[in-house]
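Just below is one structure, and these are the notes that go with it.
Letters A, B, ... mirror the listed sequences (proteins, then strands); counts begin at 1.
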Number of protein chains: 2
Amino acid sequence: MARSTRETILTAAAELMRHKGYAAVGMKDVVKASGAPIGSLYHHFPGGKVQIAREALVNAGIAYGMLIPTLVDPHDDLGEAIEAVFTQAADDMAATGFANMCPVASVAAEVADTIEELRTTTAAVFDGWLDGGTAYFVERDVPHAAARDVTVALVGALEGAFVLARTLRSTEPLLVAGRVLAPAYRGQRLRDRGSGQPRPEDRTSSPFDSAERSSKSRAR
Amino acid sequence: MARSTRETILTAAAELMRHKGYAAVGMKDVVKASGAPIGSLYHHFPGGKVQIAREALVNAGIAYGMLIPTLVDPHDDLGEAIEAVFTQAADDMAATGFANMCPVASVAAEVADTIEELRTTTAAVFDGWLDGGTAYFVERDVPHAAARDVTVALVGALEGAFVLARTLRSTEPLLVAGRVLAPAYRGQRLRDRGSGQPRPEDRTSSPFDSAERSSKSRAR
DNA sequence: GTCTATAAGAGGATAGAC
DNA sequence: GTCTATCCTCTTATAGAC
């Protein structure tokens with residue numbers, strides 16, 4: 001599975017930012033982690049560090065946007081599904097030694113007031129998650145307003161609980177969030193998917209559309 | 001109101017970290033913002049940048065630890081109180097142009113995997129909020145387990161919604177979080193406070209005890 | 001498209017006069 | 001306890017050979 005230099009760089013950058021945020025990751029760190037020489041970074045990403053971060057965030061956003069639908073899919077009760085999302089997140093986090101799961105929120109918190117170009121990128125990723133999640137729940141017969149609320153509450157509670165869990169080295173915040181959030185939606189039935197299989201392609205494009213395009217138009 | 005150089009430095013550092021996180025704030029930024037010369041920073045904080053961050057976070061933690069009890073205090077129904085916390089947060093955030101409200105979570109996300117000394121500091125601050133909030137709700141007659149759950153869920157949902165709101169430049173995440181979280185607790189009565197006045201001193205000491213002490217014992 | 005060498009400046013920290 | 005000058009390293013980014 002030979003990946004392109006471009007991809008290797010982006011993967012390394014995403015991995016580093018997941019752990020250390022944006023400012024603390026140096027280009028030299030990316031060089032070391034990717035194996036690519038510094039010249040290649042600037043050849044493939046003339047926009048420098050900001051461009052690398054932008055594209056890495058878009059990629060991560062697409063990958064993690066599938067997470068909630070994937071975890072919810074096997075369930076037919078919304079309350080159970082919500083609980084499952086949080087217990088699954090708690091298990092994953094404990095299994096990885098409380099490392100961060102996703103670079104988007106860490107970077108978002110850091111750049112929201114300072115690097116407008118990355119703020120809009122993280123905003124596009126969040127919007128994609130929110131719109132994608134809402135569409136998914138609507139498709140499963142949740143009324144639109146409720147679908148939007150569940151998605152927003154779910155993403156917000158997850159991101160907040162992640163920070164607490166990582167810092168406290170405890171799964172409590174994730175488990176409590178699930179336990180507190182789920183009861184309100186217990187009994188809300190989810191319609192069976194048309195096919196037996198999840199179809200993640202249905203709602204994958206939103207963050208990419210807006211953010212990747214803007215990154216293409218930025219060469220020097 | 002002449003404040004000591006020490007205080008001025010800590011205030012400036014907290015303000016900067018609130019906006020830019022930890023790594024992106026340079027000592028030179030603190031010099032500029034505080035007006036104190038670089039030598040004074042290292043005179044008062046021999047531990048350098050880490051020590052300044054640590055003490056700034058402890059101070060901010062104490063200040064923000066009073067926020068939830070203060071906002072909840074006028075209410076006698078837990079559901080209403082929760083809703084009030086989020087609408088108030090949304091108003092504040094919109095009023096300040098979606099600037100971050102508190103440096104603790106931003107820094108926590110950045111350092112959780114990288115600077116153990118600051119991870120333990122932010123953990124102590126979170127623990128203080130959680131223990132203080134739990135004690136406050138217990139005092140208001142909420143059963144202990146429920147009091148802990150509400151506090152954990154409240155803090156987690158707030159921090160997550162803050163990141164989304166700041167990034168999206170929208171109060172929606174805060175308002176939705178309140179709307180979704182509140183109903184589960186509507187009808188849960190809160191006992192009248194003994195005196196008519198809030199007494200914030202009752203539960204103010206926790207983060208300070210553990211974190212400030214450790215910072216004192218660290219002189220090169 | 002790969003890679004090295006290097007520029008130009010910012011980073012944290014220190015010494016020591018006052 | 002205040003303040004300046006300075007050290008040394010690391011930072012992002014570029015130039016240009018291959």
Side-chain angles (χ1 to χ4, degrees), chain A residues 2-17 19-57 103 107 110-111 114-118 121 215-216 218-220, chain B residues 2-17 19-57 103 107 110-111 114-118 121 215-216 218-220:
Chain A
R3 286 142 40 94
S4 72
T5 304
R6 246 188 97 87
E7 273 178 285
T8 310
I9 292 167
L10 288 177
T11 307
E15 184 65 12
L16 285 165
M17 287 179 192
H19 287 281
K20 325 201 328 180
Y22 175 77
V25 172
M27 294 299 261
K28 299 218 166 142
D29 296 330
V30 180
V31 164
K32 252 180 254 170
S34 69
I38 182 84
S40 288
L41 299 217
Y42 285 94
H43 172 78
H44 291 288
F45 305 93
K49 188 179 170 183
V50 169
Q51 188 186 352
I52 291 177
R54 193 169 39 205
E55 299 199 26
L57 288 169
V107 174
E110 234 181 306
V111 303
T114 50
I115 308 176
E116 178 62 11
E117 211 168 343
L118 290 179
T121 302
S215 82
K216 286 263 164 71
R218 180 100 188 94
R220 200 230 142 70
Chain B
R3 286 142 40 91
S4 72
T5 304
R6 245 189 99 87
E7 273 178 285
T8 310
I9 292 167
L10 288 177
T11 306
E15 183 66 11
L16 285 166
M17 288 179 192
H19 286 281
K20 326 202 324 180
Y22 174 77
V25 172
M27 294 298 265
K28 302 204 171 153
D29 295 330
V30 179
V31 164
K32 251 180 255 169
S34 67
I38 182 83
S40 288
L41 299 218
Y42 284 93
H43 172 77
H44 291 288
F45 305 93
K49 189 179 171 184
V50 168
Q51 188 185 352
I52 291 178
R54 194 169 38 205
E55 299 199 26
L57 288 169
V107 174
E110 237 181 304
V111 301
T114 49
I115 308 176
E116 178 62 11
E117 210 167 345
L118 290 179
T121 302
S215 82
K216 287 260 164 71
R218 180 102 188 95
R220 203 228 142 62

For residues 36-44 of chain B, which side-chain donor-acceptor pairs fall under 3.5 Å, sequence neighbours excluded?
none

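Here the straight-line distance linking atom CD of Gln51(A) with atom CG of Leu10(A) works out to 9.0 Å at 0.5 Å rounding. How far CE of Met27(B) is from OG of Ser34(B): 9.5 Å, rounded to the nearest 0.5 Å.
For Lys49(B) and dT14(C), the NZ to P distance is 15 Å, given to the nearest whole Å. Separating the CD atom of Glu117(B) from the P atom of dG12(C) is a distance of 16 Å, rounded to the nearest angstrom. Taking atom CG of residue Leu118(B) and atom P of nucleotide dG12(C), one finds them 13 Å apart after rounding to whole Å. As rounded to whole Å, 18 Å separates atom P of dG9(C) from atom CG of Asp29(B).
Between Tyr42(A) and dA13(D), a side-chain N or O to OP1/OP2 separation shorter than 4.0 Å is present.
Not one N or O on the side chain of Glu110(B) forms a donor-acceptor pair closer than 3.5 Å with the backbone of Gly21(B).
For His19(A), the side chain to side chain donor-acceptor pair (under 3.5 Å) partners two or more places apart in sequence, or in a different chain, are Asp113(B). Partners of Thr11(A) according to the side chain to side chain donor-acceptor pair (under 3.5 Å) rule, which considers only residues two or more places apart in sequence or in another chain, are Arg3(A).
In plain terms, the two heavy atoms of Leu57(B) and Pro103(B) that are nearest each other are CD2-O, 4.0 Å.
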**Request:** Can you check each nucleotide of nucleotides 1-6 of chain C against protein heavy atoms at under 4.0 Å and return B for base, S for sugar-phosphate only, - for none, in 5' to 3' order?
**Result:** BBBBB-
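Of the residues in residues 19-27 of chain B, those with a non-hydrogen atom less than 4.0 angstrom from any atom of DNA chain C are Val25(B), Gly26(B), Met27(B).
Residue pairs that meet the salt bridge (charged side-chain N to carboxylate O under 4.0 Å, His left out) test with at least one member in residues 22-51 of chain B, sequence neighbours left out, are Lys20(B)-Asp29(B).
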